[in-house]
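Step one of this worksheet: look at the structure below.
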Amino acid sequence: MTRPRPRTHESESETRNPTGGGATAMRLIVPLQGVVQGRGGLILGSLIPCALFYFFQLYLKRHRSPKPGSNPTSPSQSSSNLSDLQRSSSRSNLSSRGSIGPVQVSSRASSIAKPNDSPYYIGLDRVSEDPYDRLDNPNGIIQLGLSENRLCFDLIEKWLSENTKDSVMGRDGGDLSISGIAPYQPSDGLMEFKVAMAGFMSQVMGRAVSFDPSQMVLTAGATPALEILCFCLADPGNAFLVPAPYYPGFDRDMRWRTGVELIPVHCRSTDNFIISITALDQAFNQTRKRGIKVRGILISNPSNPVGNLLPRETLHNLLDFAREKNIHIVSDEIFAGSMYGSEEFVSMAEILDMEDIDKNRIHIVYGLSKDLALPGFRVGVIYSFNESVLIAAKKLTRFSSISAPTQRLLISMVSDMRFIQEYIETNKKRIREMHDLFVEGLKQLGIKCAQSCAGLYCWADMSGLISSYSEKGELELWDKLLNIAKINVTPGSACHCIEPGWFRCCFTTLSQEDVVIVIERIRKVAETCKISS
Amino acid sequence: MAIEIEQHSVGLSKVAVSETHGEDSPYFAGWKAYDENPYDELNNPSGVIQLGLAENQVSFDLLEAFLETHSEASSWGKGASGFRENALFQDYHGLLSFRKAMASFMEQIRGGRAKFDPERVVLTAGATAANELLTFILADPGDALLVPTPYYPAFDRDLRWRTGVKIVPIHCDSSNNFQITPQVLEAAYSEAEAMNIKVRGVLIANPSNPLGATIQRSVLEEIFDFVTRKNIHLVSDEIYSGSVFSSSEFISIAEILEARQYKNSERVHIVYSLSKDLGLPGFRVGTIYSYNDKVVTTARRMSSFTLISSQTQHLLASMLSNKEFTENYIKTNRERLRKRYNMIIEGLRSAGIECLKGNAGLFCWMNLSPLLEKPTREGELALWNSMLHEVKLNISPGSSCHCSEPGWFRVCFANMSEQTLEVALKRIHNFMEKERELESKARLVKDF
């Protein structure tokens, strides 16, 4: 579930962030790795190119960042004239006489300020630099790295035009009264909206379970929902176990400011990437041996990037495991309403309904960014069975509240059960059509996908196309796909997948014609891979 | 069959259980009392009147009038792409049109005396988030920010809770109208040093909350020189900049920087929001304006935890880029606030209460120290309690703002109707009369 990172849209204001350079560097590094590896072994083979990569980045950064003190009204326009930059650089050196270098930011900030080095983010950036457009830029990069759903906007637009007379404020024509929504609202969301969301969640999850609005805390998107839970459940230095492969954004969202560690628990294709309790137990013990306290398990169900569901039995086993170790479970269920297969989604809440004991360790995260395709509106949910967590989380929502007019607009949409039912069914149908088309296209190329029934993507096994069965080989292929085939897919290594060659391909931003083009582009690259292997 | 073993309940983090949220302080207790028994002109005329909430309700009609006459502001535009583009837009750069509108609005508030570049505007869901974000970026856990007292009570939570950063107070007092001087700045810095705490910056609110007064140019210059000497940051929370009663009296740090050709400006960051000036706290619109490129980049990325709804950005972009509207709004809002201010000052004065001379904000800083039984924090809280439970007025005690002198109270005047304010003033009048009677009786007894 890519909470799509607009980090993709870093435009010229971020050119000092050498993302373009990143891709070039990868093209240098990856073959370089091969050379050095041959001579210096695996470790040196990885270290030296990485060191070179780092220095290359540093070089790019130094020669692009405008100096502080230079014209502040347009600080982020990187000068096309290199000598201008050099001149202002020396000027600032003169002016900073007496001070001990420029004023420092925190070490937390320094680590974030570094350029994105994960292929996940690099790919997103590349697309924003050269985005495909059927008419205006047919040779641009096609985006398959962002799990956005563009298939059902027509339904929402129709609802809006019939119900709000086109008003952004969601009012019926005349009464644009601001005074209802302008003042301070409860930071954790309007009760009316919570009631609506509780009903919505129940509906999208097939009515197998009902949600209590008083156990809900609303946040500006699922991203802060996860971070707030992290702040509530773990201290800096503690860890969460996360079945891998997992959504690359977790590394940022859950670790940046919280100081918490994520420990991947590797899942195997032979299990269709379903977590095994044995592996979980091993990871728990290993982590404890390192002196790190495990506070909980973070699962995503439906899974991102694989797109499958955790079976009932697994959910029960996870619950038992959590009880045994006295830890929490955070279940990210943000794709619960994006099911396209015949299986039924089982929420953690449903399991708890049956168990009726010890619910204090269970917390569910949800949001409208995927199922209702409204990521811009920032609607996230923390649903917890733990009173203390709800109290603390509620206070923390002051930093991440949902805008009142947005709540107002969505209350009626989300409570319109007839509309939501129509939406869910149509959405399911359209995702399935796109999925089948895409997966069939890949199959024609000899590329199989993991069994999936939910999400906005498929998990494709392209290991047959990589020259060496390793992360290096996978990244080589990723690079070819990005720069030659000009499609952005997310390599498994960015998701911490232990088996090389898997790629997540999001298909719900495409039209049917686009799918044909994508498959064709992959075919061309696949052919060259087969020749060279 | 599982063996039942007694388990300790599953643990929570230190952040979750800490008291740093400060919600047990009198500042919040007053809110609770109000929530339980809120004043209503018709239905509950003896209820508690809320004078502790700094909200601006005097200019809603202007906003509503705009929306009624500018339907294009409140629609997504013709054609399919308007809505869906907006609904998909979660770019942490924020809508360019909105950033431009914010930058131009901020310029207008400052009478065009400072320029703002939309590329330096970082959007957050409220100034609360902006202040916390900046703290995460400028300081590490255990470091400190220096903040002049008295200060906005929620800073204790916003700047410290999740960040692990400390606040070291810069003690100001009434002898010079609570102004910040180089001496008190140095004293605070030394105090931090003595405790082995690394100071990362100074955070000021200009106009000040709770003082309701702008900071003078010379003082701003001194503060800027101080932070430059110490090579630390300066955060200027200018959330009330549009609520200065007279335009010429507000000097923004941006003007100081411009006058100095932006030398050393990379240490300065301005926080702004639409919650006070535009009276839209429910919309959750805040911004960080930083002169430091690294801070801008980092703040942008970190803003993913606190993005403004794209729908809201879209709606406000058209409102704020309409220069005719914003000019009229700023001017009218100022006048109405000034009128309210004069009303409350007069009312208090005729009751025998003096306030600090203010020129901005949604509140005044009232001096009730002559009424204290004991010139201590306890004395102040006792008085506050009487005000809350006997007079049924929720005002904010200076101690919750960390004021070094007991007896000062913050009283808000823009979050209710004029009639309600009249009622509140009358209650204060009656209270003061009673106090005077009691006092003269006590003196008679003593004289005997």
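Note on naming: letters A, B, ... go to the chains in the order of the sequence lines (proteins, then strands), and numbering restarts at 1 for each one.
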Do you see a donor-acceptor pair shorter than 3.5 Å between the side chains of B:Ser309 and A:Ser403? no
Separation of B:Phe283 CZ from A:Ser401 OG (nearest 0.5 Å): 14.0 Å
What distance do B:Phe83 atom CZ and A:Ile156 atom CD1 have between them, rounded to the nearest 0.5 Å? 5.0 Å
Does the side chain of [X] reach to within under 4.5 Å of the side chain of [Y], using non-hydrogen atoms?
| X | Y | result |
| --- | --- | --- |
| A:Thr406 | B:Thr312 | yes |
| A:Asp253 | B:Phe305 | yes |
| A:Cys232 | B:Leu12 | no |
| A:Arg108 | B:Ile137 | no |
| B:Phe136 | A:Ser106 | no |
| A:Ser110 | B:Lys294 | yes |
| A:Ile402 | B:Arg284 | no |

Least distance between heavy atoms, [X] atom then [Y] atom:
| X | Y | value |
| --- | --- | --- |
| A:Arg378 | B:Ser304 | NH2-O, 4.1 Å |
| B:Met302 | A:Trp256 | CA-CZ3, 3.6 Å |
| A:Ala234 | B:Ser13 | O-CB, 3.3 Å |
| A:Pro375 | B:Gln90 | CB-NE2, 3.1 Å |
| B:Leu88 | A:Ala373 | CD2-O, 4.3 Å |

I'd like to verify something: which residue of [options] has the highest number of heavy-atom pairs under 4.5 Å with chain A?
| options | value |
| --- | --- |
| B:Ser275, B:Ala139, B:Ser18 | B:Ala139 |
| B:Gly126, B:Pro141, B:Ala154 | B:Pro141 |
| B:Val285, B:Asp140, B:Val227 | B:Asp140 |
| B:Asn56, B:Val15, B:Leu138 | B:Leu138 |
| B:Gly286, B:Ala125, B:Pro281, B:Gly279 | B:Pro281 |
| B:Thr163, B:Leu63, B:Ile308, B:Leu278 | B:Thr163 |

Start with the C-alpha distance between A:Thr223 and B:Leu307, add both sets of side-chain angles, then the distance that settles side-chain contact (heavy atoms from CB on, under 4.5 Å), and finish with yes or no. CA-CA 10 Å; A:Thr223 301; B:Leu307 296 177; over 6 Å; no
Check this for me: does any side-chain nitrogen of one of B:Asp158 and A:Arg398 sit under 4.0 Å from a carboxylate oxygen of the other? yes
Do the rings of B:Trp161 and A:Phe399 sit parallel, tilted or perpendicular, given the 30° and 60° boundaries? tilted
At a heavy-atom separation under 4.5 Å, does B:Ile232 approach chain A through its side chain, its backbone, both, or neither? backbone
Among A:Ile228, A:Leu396, A:Leu372, A:Val389, the residue with the most heavy-atom pairs under 4.5 Å to chain B is A:Leu396
Taking every non-hydrogen pair under 4.5 Å, which of A:Ala225, A:Cys230, A:Ala109, A:Ala322 racks up the most with chain B? A:Ala109
Proximity breakdown for A:Asn238 and chain B, heavy-atom pairs closer than 4.5 Å: neither
Under the side-chain hydrogen bond (donor to acceptor under 3.5 Å, both in side chains) test, residues paired with A:Glu227 that sit two or more places apart: A:Arg257
Regarding B:Arg162 and the six-membered ring of A:Phe231, is the cationic atom NZ or CZ under 6.0 Å from the ring centre and inside 45° of its axis? yes
